[in-house]
Amino acid sequence: KPLQRWFSKGKMAELEHDIRRIVSDRIDGFHGTGRADLAVELAEPVPAITLARILGLPDSDWSMFQQLGQTICKAGEEEDMETTLTTVMQLMGYLTEQINDRKRNPTDDIISQIIGMDLDGEPMSDEDILMTTFFLVEAGHETTVGGLGTMLLNYGRRPDLRRRLVADPSLVPAAVEEALRFDPPIQTIGRTLTEDACLRDVTMRKGDKVVLCWGSANRDEEIFERPDEMIIDRPRNNHMAFGNGIHKCLGAPLARMEMKVVLEEVLRRIPEYRIEDEDAVEVGGFLARGVKRLPVTW
């Protein structure tokens, strides 16, 4: 709750200009070539650079903590605990240096906000400050990379939908929501039952570990008409890509803003982009599903 002001609609409106400049600069780097890998050259760097700005980190460091975050996620999926721990400690060491610097020289960034927060009337401990900052870096990066990549992939496969969006840009926010419903970066999440439950004749007991499948919920035919189709003006798109209730994603407004700006700028600058070779497209990841390679031409 103390961090929610950083992810409010008002704060996102303040950030939109910076995010648009970040996206535009990345597109400038490949626009004249007629080809690009939109996963590597756009979807991956934009969330990292944006997060660096919000955290008050030097722009020059974004590629470093982007690489650390990717390594932690990949090692976790492969159950490579040695690499996971080594990389986590490296990232925590870097963040500790940044936190100590803010203690000496506080600024108007989110790390300074975390340092000054109270929890239940008590100041945050050094451990809580570090873990909260670490959580924001990890949770705010790979998931947004995944959402951007799959959105660009799925609209790259649908030139008819892109033409509608170019003709009517007011549909872009709804198109972002439909991209999140159709192919969310977080497909599953684990939970522990706090009481006995029965679902579709399956009995589960208190303490059981269960996996909730957002990907399946977002294709629920009882909720969504024609759930396996992308409908960019879908009414009442109450998808579960960001979870729900008290566990709903804190950074959802930031992810939505990044996805909206990226889609707007891609449609403005390279509206006729097309997937060069479907066999060259690489989709992967379990903890955070995303597009690793997306070669396109225009």
Side-chain angles (χ1 to χ4, degrees), residues 1-8 11 15 47-146 185-186 188-194 207 209 211-212 242-243 245-255 285-288:
K1 287 182 179 180
L3 287 174
Q4 282 180 340
R5 79 171 185 88
W6 271 93
F7 298 96
S8 65
K11 193 67 176 179
L15 287 171
I49 300 171
T50 301
L51 199 57
R53 299 273 177 90
I54 292 173
L55 291 168
L57 307 177
D59 282 358
S60 57
D61 288 355
W62 73 262
S63 59
M64 178 271 294
F65 72 82
Q66 174 197 30
Q67 184 59 50
L68 292 177
Q70 290 174 338
T71 301
I72 291 169
C73 194
K74 185 173 186 295
E77 291 175 349
E78 296 175 352
E79 299 184 4
D80 180 352
M81 291 306 299
E82 182 177 352
T83 299
T84 299
L85 290 173
T86 299
T87 312
V88 164
M89 293 307 296
Q90 187 177 350
L91 180 55
M92 284 189 170
Y94 171 80
L95 293 176
T96 297
E97 291 178 3
Q98 295 294 325
I99 290 167
N100 290 337
D101 178 69
R102 296 314 184 286
K103 287 179 177 179
R104 295 188 297 268
N105 307 291
T107 61
D108 184 26
D109 60 34
I110 201 167
I111 293 179
S112 299
Q113 172 75 11
I114 292 169
I115 292 169
M117 286 194 320
D118 287 341
L119 291 181
D120 299 326
E122 297 292 333
M124 293 268 279
S125 69
D126 288 345
E127 181 181 1
D128 284 339
I129 291 169
L130 175 59
M131 292 309 298
T132 301
T133 306
F134 175 81
F135 170 76
L136 286 176
V137 170
E138 278 299 286
H141 178 251
E142 285 298 304
T143 49
T144 310
V145 170
I186 301 297
T188 62
I189 194 165
R191 288 284 183 259
T192 302
L193 290 184
T194 59
K209 306 294 183 182
V211 172
L212 306 178
F242 293 115
I246 63 171
H247 293 295
K248 189 168 184 177
C249 176
L250 173 69
L254 178 60
F286 175 73
L287 298 176

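The first residue in the sequence is number 1, and the count goes up from there. As the structure is a computational prediction, the values presented were derived from the model and not from experiment.
Taking both residues in full, the closest heavy atoms of T144 and A255 are given as OG1-CB, 4.1 Å, listed atom of the first, atom of the second, then distance. For the pair A52 and P58, the tightest heavy-atom approach, listed with the atom from each and the gap, is CB-O, 4.4 Å. Residues K248 and G243 approach most closely at CG-O, 4.1 Å, considering heavy atoms.
Applying the side chain to side chain donor-acceptor pair (under 3.5 Å) rule to pairs touching residues 82-91 yields D80-T83, sequence neighbours excluded.
Residue T132 holds its OG1 atom at 11.0 Å from CD1 of I115, rounded to the nearest 0.5 Å. The CG atom of D118 sits 9.5 Å away from the CE atom of M124 when rounded to the nearest 0.5 Å.
Contact of the L136 side chain with the I114 side chain is registered, since non-hydrogen atoms from C-beta on lie closer than 4.5 Å. Looking at F134 and V88, their side chains come closer than 4.5 Å, going by heavy atoms from C-beta outward. A heavy-atom distance below 4.5 Å is found between the side chains of L130 and M92. Annotation: side chain of L57 is in contact with side chain of I111 (closest heavy-atom distance under 4.5 Å). Counting only heavy atoms from C-beta outward, the side chains of I54 and D109 never approach each other to under 4.5 Å.
Residues forming a side chain to side chain donor-acceptor pair (under 3.5 Å) with S60 (at least two apart in sequence, or on another chain): none. The salt bridge (charged side-chain N to carboxylate O under 4.0 Å, His left out) check on D128 picks up nothing, with sequence neighbours excluded. Listed by chain and number, the residues in a side chain to side chain donor-acceptor pair (under 3.5 Å) with R5 are Q113 (sequence neighbours excluded). For the side chain to side chain donor-acceptor pair (under 3.5 Å) test, residues two or more places apart in sequence or in another chain that qualify with K209 are T192. With sequence neighbours left out, D61 forms a side chain to side chain donor-acceptor pair (under 3.5 Å) with Y94.
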Is there a side chain to side chain contact (heavy atoms under 4.5 Å, CB included) between I110 and L3? Walk through the geometry before answering. CA-CA 8 Å; I110 201 167; L3 287 174; 4.0 Å; yes
Determine, step by step, whether V137 and L55 satisfy the side chain to side chain contact (heavy atoms under 4.5 Å, CB included) criterion, reporting the C-alpha distance in whole Å, the side-chain angles of both residues, the deciding distance to 0.1 Å, and the verdict. CA-CA 9 Å; V137 170; L55 291 168; 3.5 Å; yes
Between I186 and F242, is the side chain to side chain contact (heavy atoms under 4.5 Å, CB included) condition met? List the steps. CA-CA 8 Å; I186 301 297; F242 293 115; over 6 Å; no
Verify side chain to side chain contact (heavy atoms under 4.5 Å, CB included) between L254 and T50, making sure each step is shown before the conclusion. CA-CA 9 Å; L254 178 60; T50 301; 4.0 Å; yes
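Within 6.0 Å of the NZ atom in K11, the count of heavy atoms belonging to other residues, nucleotides or ligands exceeds 12.
A distance-only check finds a donor-acceptor pair linking the side chain of R102 to the backbone of Q98 [under 3.5 Å]. Although no hydrogens or angles enter the test, the distance criterion places a donor-acceptor pair under 3.5 Å between the side chain of T71 and the main chain of Q67.
When each of I99, T107, D101 is paired with S112, the side-chain contact (heavy atoms from CB on, under 4.5 Å) condition holds for T107 and for no other.
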